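These notes concern the structure reproduced below.
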Amino acid sequence: MQTSNESLTCGKLHEGEPDIDVPLVRELIAAQFPRWSHLPVEPFASSGTVNSVFRLGDDMTVRLPRTAGGAEDVAMESHWLPWLAPRVPVAVPSVLGRGEPGQGYPWAWSVHRWLDGENPVAGAVTAPRALAEDLAAFVTALRRADATGGPAAYRGGPLAADDDETRAAIADLRSMPADAVDLDVDCDAATAAWDAALRAPAWDGPPVWVHSDLMPGNLLVRDGRLSAVIDFGTAGVGDPACDLIVAWNLLPADVRESFRAALGADDATWARGRGWALSMALIQLPYYAVTNPVLAANARHVIREVLADHARGT
């Protein structure tokens, strides 16, 4: 798992986040996985917000959750990733070890197989139409997986569940100087676009498997094509609309319709997907404006793209 982004974060992102560093990782590995204790440990800069990531040797990663909520993902991924892996057309993480609290670290953690590739960057996608086809194929395969007994997806419920947090984020943006977030957000337009998304009819079909966090930082590409999807902590079953967010956080406008057509998204589903993309970006921008420049930059991109779509009535 490689990245082409240079301005990534290794520091703390959340209030109350524990101290996580190379010595801690070495101690945890030595205590719980002594067979790997001879391998070098190096921090890995990532735009992710849930885990601190470290390289372990040449072909493994150690992932330590930054929050208690993130620690709950360890069990979910350990159980469901082996089941999902053969059902999707690209690589997904392989869990090689599940760690327990220790050495002063309070939560479960994990060791994964290293996956080669780079995170794509919105505005710099080298093969946008091919990537759109790959993403649609992944989402389609995930939806076809048997949803019986699957956990509820993090964003698999009604869009309105995020209404309070989204409006609070808009209020935060209104109160921030434009230069503080490097974008003069049209909060009235954002509110109008959010209101429009909330008016879309709710999903009335059966729940399907979704990843629910198809951000560029959770995608790996090689030669412009999708090679892997990572970070399945938010995955589960629910409304398929949440997996449309990649149409605005990564894909150029001129391939969005082909992505939509490949997934057969009706107007209501498309509107809810755009609403999820907007909600996530509005919440991320004020929260990560200083601590996570890559994620903040992508949030700015999403807001621009969604508001442009809304203005065009598309």
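If you're wondering where the values come from, they're calculated on a predicted model, not measured in any experiment.
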Main chain of [Y], side chain of [X]: is a donor-acceptor contact present, judged purely on distance under 3.5 Å?
{"X": "Asp223", "Y": "Arg225", "result": "no"}
{"X": "Asn249", "Y": "Asn298", "result": "no"}
{"X": "Arg55", "Y": "Asp58", "result": "yes"}
{"X": "Ser212", "Y": "Thr234", "result": "yes"}
{"X": "Gln32", "Y": "Glu100", "result": "yes"}
{"X": "Gln103", "Y": "Leu24", "result": "no"}
{"X": "Asn51", "Y": "Arg66", "result": "no"}

Fill in: Greater than 12 external heavy atoms within 6.0 Å of Arg144's CZ
no

Discussion item. Using side chain to side chain contact (heavy atoms under 4.5 Å, CB included), reason through Asp188 and Arg174 one step at a time and then give a plain yes or no.
Written reply: CA-CA 9 Å; Asp188 290 338; Arg174 284 189 190 276; 2.8 Å; yes

Practice prompt. Only counting residues at least two apart or in another chain, list the ones meeting ring pair (Phe, Tyr, Trp, His ring centres under 6.0 Å) with Trp248.
Written response: Trp270

Worksheet item: Does Phe33 have any ring pair (Phe, Tyr, Trp, His ring centres under 6.0 Å) partners at least two apart in sequence or in another chain, and if so, which?
Response: Trp36, Trp109

Considering all heavy atoms of both residues, which atom of [X] and which atom of [Y] are nearest to each other, and what is their separation?
{"X": "Pro286", "Y": "Asp172", "value": "CB-CB, 4.2 Å"}
{"X": "Cys187", "Y": "Leu173", "value": "SG-CB, 4.0 Å"}
{"X": "Arg222", "Y": "Gly117", "value": "CG-CA, 3.9 Å"}
{"X": "Pro120", "Y": "Pro216", "value": "O-CB, 3.4 Å"}
{"X": "Met76", "Y": "Pro151", "value": "CE-CG, 4.1 Å"}
{"X": "Val95", "Y": "Ser78", "value": "CG1-OG, 3.8 Å"}

Discussion item. Tell me every residue that passes side-chain contact (heavy atoms from CB on, under 4.5 Å) with Val208, counting only those two or more places apart in sequence or in another chain.
Written reply: Arg143, Val210, Pro240

Please table the atom pairs, donor to acceptor, closer than 3.5 Å between any side-chain atom in residues 200-207 and protein atoms at least two apart or in another chain.
{"residue": "Trp203", "atom": "NE1", "partner": "Gly205", "partner atom": "O", "Å": "3.0"}
{"residue": "Trp203", "atom": "NE1", "partner": "Pro206", "partner atom": "O", "Å": "3.1"}

Rounded to the nearest 0.5 Å, how far does [atom2] of [Y] lie from [atom1] of [X]?
{"X": "Leu135", "Y": "Leu219", "atom1": "CG", "atom2": "CG", "value": "6.0 Å"}
{"X": "Arg63", "Y": "Ile20", "atom1": "CZ", "atom2": "CD1", "value": "12.0 Å"}
{"X": "Thr166", "Y": "Leu278", "atom1": "OG1", "atom2": "CG", "value": "7.5 Å"}
{"X": "Leu250", "Y": "Arg256", "atom1": "CG", "atom2": "CZ", "value": "10.0 Å"}
{"X": "Leu251", "Y": "Phe259", "atom1": "CG", "atom2": "CZ", "value": "6.0 Å"}
{"X": "Ser227", "Y": "Asp116", "atom1": "OG", "atom2": "CG", "value": "8.0 Å"}

Practice prompt. Can you run down the ring-ring contact (aromatic ring centres under 6.0 Å, His included) pairs that involve residues 218-240, sequence neighbours left out, and say none if there aren't any?
Written response: His211-Phe232

Using a 4.5 Å cut-off on heavy atoms from C-beta on, say whether the side chain of [Y] contacts that of [X].
{"X": "Val139", "Y": "Leu214", "answer": "yes"}
{"X": "Arg113", "Y": "Asp59", "answer": "yes"}
{"X": "Val221", "Y": "Thr126", "answer": "no"}
{"X": "Leu282", "Y": "Ile303", "answer": "yes"}
{"X": "Trp107", "Y": "Val74", "answer": "no"}
{"X": "Met215", "Y": "Leu295", "answer": "yes"}
{"X": "Thr61", "Y": "Phe44", "answer": "no"}
{"X": "Ile29", "Y": "Leu56", "answer": "yes"}

Using the rule that Ile, Leu, Val, Met, Phe, Trp and Tyr join whenever any side-chain heavy atoms are under 4.5 Å apart, tell me whether [X] and [Y] fall into a single cluster.
{"X": "Val302", "Y": "Tyr288", "result": "yes"}
{"X": "Val125", "Y": "Val229", "result": "yes"}
{"X": "Phe138", "Y": "Val237", "result": "yes"}
{"X": "Leu198", "Y": "Leu244", "result": "yes"}
{"X": "Ile245", "Y": "Ile283", "result": "no"}

Item to complete: Test Arg260 against every option in Asp309, Asp267, Asp243 by the salt bridge (Lys or Arg N to Asp or Glu O under 4.0 Å) rule and name the one that passes.
Response: Asp267

Discussion item. Show me the pairs that pass salt bridge (charged side-chain N to carboxylate O under 4.0 Å, His left out) and involve residues 151-167, at least two apart or across chains.
Written reply: Arg155-Asp213, Asp163-Arg167, Arg167-Asp195

Discussion item. Tell me whether the rings of Trp209 and Trp83 are parallel (<30°), tilted (30 to 60°) or perpendicular (>60°).
Written reply: tilted

Item to complete: Please report the C-alpha distance between Asp266 and Arg272 in whole Å, then the side-chain angles of each, then the deciding distance to 0.1 Å, and finally whether the salt bridge (charged side-chain N to carboxylate O under 4.0 Å, His left out) criterion is met.
Response: CA-CA 10 Å; Asp266 59 25; Arg272 292 194 308 277; 5.3 Å; no

Discussion item. Side chain to side chain contact (heavy atoms under 4.5 Å, CB included), that's the test. Do Leu285 and Val185 meet it? Break it down for me.
Written reply: CA-CA 10 Å; Leu285 183 53; Val185 176; 4.0 Å; yes

Practice prompt. Flag the pair Asp146 and Arg87 as a salt bridge only when some basic side-chain nitrogen lies within less than 4.0 angstrom of an acidic carboxylate oxygen.
Written response: no

